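None of these values were measured; they are calculated from a predicted model.
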Amino acid sequence: MKHINKQSIFIAALLALIGFASCKKTWLDVNQDPNRVTDANVTAELIFPAAANEVGQAAVGSTSLQEWMGYWAPNGGFVPQQNVISYNIDYTFGDGLFQNRYNILFDLHQAEVKGLANGNVDLAAASIILSVKLFQEVVDLYGDVPYSQTFQVDKTTTPIYDPSQGIYNSLQARLDTAITYLTNNAPTNSFSAADIINHGDVSKWIKFANTLKLRLLIRQSEVSGFDPSSEIAKIQNGGNFIDHILGAGESITVNPGYVNDVNKQSPFYGAHGWTPSGVQSDQATDANNYIITILSNTSDPRIGRFFYPGGFDISNGYVGNIFGDPIGTLAQANQSSYFGPALVGELNANLVGTGYSKNQFIFPSYESLFLYAEAVARGWVAGNADAALAAAITESFVWTGVPDATNAASAYITANASITTLGAANTASDKARIVAYQKYIANTGIDPQESFFDLNRLHYLTDNSYISTLPTKISNTLPLRYLYAQSEYTTNSANVPKEVAGDEFTKKIFWQP
């Protein structure tokens, strides 16, 4: 198992230290080269910004999940990925994602260890919080994964796979530790300088930690006998619950200074916007007809924020392709709806998006409010569930930049009461499905991973026309999880759980009902 790729943690160090290359040297310098990157001079303050940027890059998400969840679809310009439209994934399908997440987690681990060693406790806490976010997502994609022995390279390079339920419990405790660090230690100037996410705002980091605590709880909501009360009490901390999690306008984003240059654009824009020379970065993918139909049928004004009209011409309307249809029947890229201004910025005179310098989202504010709405709907937290859901929907309208967002959201809720209010829901799970459906719409093109996890937990999409139409697909349902990475079977075969084809459809994550 390869968890010791140090290339990424040295990038920031090299950039910082290269400026010393022209310094005057004397004969006394022969025993210590200040320009050499070593464990001693690669500090937590250098590692953390690089790792934070990597977390932002990871949040761009998977195009495959965008397509599986009915948000995006291949257009007629390129041959679609057969394993994606057929669901016939194998051990290589999630290999790159698995290795990428663990490389980021290694960098965050190094930032935590070095931060604690040099007294930058707040930076260590921030590293823990970002690590928890990624570890939960790795568990939710794969199930049992390396955790307790990971990064103990002095003891083993083949860590065991820990039970996913135990990892969840440990992640809750880790967030408690991070909150304690942030509460009991005054922020340092070095933390503020290194923090390219919240810029030293300790209160916001604590809210982010509490929001992740809530997300861990919500994910387990369908587990029989699950009792969240003790953790809910910790988040509430004797006050108003909503004041202790991320609220309206409190998105978690990262921006080290993105510019319109190669490999320096905001990550989502770089992947799905335009190149510095003005060419579409993603020429193979556009809107999915499934989500276009939902947005159109409910007169949802966010449609023009999630997507541009077909061919960037409003007279064409919004054009989506059907996932899995034959390539000859699909609309071309110049006919389909490309990703909209909420994601890639407004168009300039050359019909090129302007979002290359946009903050890269890590955790949108509206997601926190949808978690809160579900907690209220389930009776975990006191409050008016319909009001909480309305606030979450409204925040999505604000986040996506809908004009006159508050009034537009109110009109949308009123016109679509059957899917925006909880009156007809009988059980806590029924109420949660209404919340999750609105969260699904809000996450269009933004966080397909969260929508995928919610679908596996609540099955809130009753219209299954998001499923691939390919006649030779191997299943009429989505996989429940990814198969373990091929690299793990190669390097950690003694510990990686053995799987066979089909397990991705039957072998559930512990929180899946």
Item to check | Trace of the side chain to side chain donor-acceptor pair (under 3.5 Å) decision for T427 with D430 | outcome: CA-CA 5 Å; T427 68; D430 288 338; 3.2 Å; yes
Checklist entry - Can a donor-acceptor pair be found between the side chains of E504 and Y482 at a distance below 3.5 Å? => result no
Item to check | Pairwise side-chain contact, F323 with Y71, heavy-atom cut-off 4.5 Å (strictly under) | outcome: no
Checklist entry - Within the distance-only criterion (no hydrogens, no angle test), does the side chain of H244 pair as donor or acceptor with the backbone N or O of Q236 below 3.5 angstrom? => result yes
Checklist entry - Taking D227 for the side chain and S229 for the main chain, is one N or O donor matched with an acceptor at less than 3.5 Å? => result yes
Item to check | Aromatic plane relationship, F339 with F307 - under 30° parallel, 30 to 60° tilted, over 60° perpendicular | outcome: tilted
Item to check | Pair R302, S396: side-chain N/O donor-acceptor within cut-off below 3.5 Å | outcome: yes
Checklist entry - Is the number of heavy atoms from other residues, nucleotides or ligands under 6.0 Å of N189 CG greater than 12? => result no
Item to check | Side-chain H-bond candidate by donor/acceptor type, D122 with W205, under 3.5 Å | outcome: no
Checklist outcome for this item: In Y366, F370, F363, the residue satisfying ring pair (Phe, Tyr, Trp, His ring centres under 6.0 Å) with W399 is Y366
Checklist entry - When the ring planes of W72 and F268 are compared, do they come out parallel, tilted or perpendicular, using 30° and 60° as the limits? => result perpendicular
Checklist entry - Counting only N and O atoms by type, is there a donor-acceptor contact under 3.5 Å from the side chain of S368 to the main-chain atoms of S365? => result no
Checklist outcome for this item: Here the pair of heavy atoms bringing S62 nearest to P448 is O-CG, 4.1 Å
Checklist entry - Is a salt bridge present between K213 and E231, judged by a nitrogen-to-oxygen distance below 4.0 Å? => result yes
Next on the checklist: Do F306 and I446 make a side-chain contact, defined as non-hydrogen atoms from C-beta onward lying under 4.5 Å apart?
Outcome noted: yes
Checklist entry - Any chance OH of Y356 has more than 12 other-residue heavy atoms, nucleotides or ligands included, within less than 6.0 Å? => result no
Checklist entry - Closest approach of Y269 and G353, non-hydrogen atoms and distance? => result OH-O, 2.6 Å
Checklist entry - Does the side chain of Q149 reach to within under 4.5 Å of the side chain of D162, using non-hydrogen atoms? => result no
Item to check | For A126 against F191, the heavy-atom pair lying closest together | outcome: CB-CE1, 4.1 Å
Item to check | Positive for salt bridge (charged side-chain N to carboxylate O under 4.0 Å, His left out) with E450, one of R457, K133, R219 | outcome: R219
Item to check | N/O donor-acceptor pair under 3.5 Å between N464 side chain and I467 backbone | outcome: no
Item to check | Candidate pair E374 and R215, rule salt bridge (charged side-chain N to carboxylate O under 4.0 Å, His left out), full reasoning | outcome: CA-CA 10 Å; E374 182 171 342; R215 190 174 75 165; over 6 Å; no
Item to check | Non-hydrogen side-chain atoms of V55 and I197 separated by less than 4.5 Å | outcome: no
Next on the checklist: How about NZ on K155, more than 12 heavy atoms from neighbouring residues, nucleotides or ligands closer than 6.0 Å, or not?
Outcome noted: no
Next on the checklist: Against K439, only a single residue in I434, L371, L369 fulfils side chain to side chain contact (heavy atoms under 4.5 Å, CB included); can you say which?
Outcome noted: L371
Item to check | N/O donor-acceptor pair under 3.5 Å between S170 side chain and I167 backbone | outcome: no
Checklist entry - What heavy-atom pair brings W511 and Q220 nearest, and what distance separates the two atoms? => result CB-CA, 4.1 Å
Checklist entry - Do N53 and Y258 touch side chain to side chain, with heavy atoms closer than 4.5 Å? => result yes
Item to check | Shortest non-hydrogen contact from K498 toward K507 | outcome: O-NZ, 4.1 Å
Checklist entry - Atom CG of L108 and atom CD1 of I47: how far apart are they, to the nearest 0.5 Å? => result 9.5 Å
Checklist entry - More than 12 heavy atoms of other residues, nucleotides or ligands under 6.0 Å from CG of N263: is that the case? => result no
Checklist entry - Should I393 and L389 count as side-chain neighbours, where that means a heavy-atom distance under 4.5 Å? => result yes
Checklist outcome for this item: The reported gap from CG in N443 to CG in D454 (rounded to nearest 0.5 angstrom) is 8.0 Å
Item to check | Rounded distance [0.5 Å steps], CG in D243 versus NZ in K207 | outcome: 6.5 Å
Checklist entry - In Å and rounded to the nearest 0.5 Å, what is the CG to OG distance from L171 to S131? => result 9.5 Å
Next on the checklist: Under the criterion salt bridge (charged side-chain N to carboxylate O under 4.0 Å, His left out), I'd like the reasoning laid out for E137 against R101: C-alpha separation, chi angles, the key distance, then a yes or no.
Outcome noted: CA-CA 9 Å; E137 292 164 1; R101 296 305 184 271; 5.1 Å; no
Next on the checklist: Could you tell me if the side chain of Q449 sits less than 4.5 Å from the side chain of L141, heavy atoms only?
Outcome noted: yes
Next on the checklist: Quick check on the 6.0 Å ring-centre criterion: do Y102 and F106 meet it?
Outcome noted: no
Item to check | Ring centroid separation Y161 to Y484 under 6.0 Å | outcome: yes
Next on the checklist: Between Q99 and D95, is there a side-chain donor-acceptor contact under 3.5 Å, judged purely by atom types and distance?
Outcome noted: yes
Checklist entry - Strictly by modelled atom types, are N198 and D195 linked by a side-chain donor-acceptor pair under 3.5 Å? => result no
Checklist entry - Among W68, Y460, Y290, which residue meets the ring pair (Phe, Tyr, Trp, His ring centres under 6.0 Å) test with Y466? => result Y290
Checklist entry - Between T188 and S190, do the side chains contain an N or O donor and an N or O acceptor separated by less than 3.5 Å? => result yes
Checklist outcome for this item: For T400 and A342 the tightest heavy-atom approach is O-CB, 3.5 Å
Checklist entry - What do you reckon, are the aromatic ring centroids of Y147 and F135 less than 6.0 Å apart? => result yes
Next on the checklist: Is there a side-chain contact between Y440 and L455 in this structure, where contact means two heavy atoms from C-beta onward sitting under 4.5 Å apart?
Outcome noted: no
Item to check | Aromatic contact, Y168 with F510 (centres under 6.0 Å) | outcome: yes
Next on the checklist: Could you check whether any side-chain N or O of T156 sits under 3.5 Å from a backbone N or O of Q152, counting only pairs where one atom can act as donor and the other as acceptor?
Outcome noted: no
Checklist entry - Distance-only, no hydrogens or angles: does the K508 side chain make a donor-acceptor pair with backbone N or O of P513 under 3.5 Å? => result yes
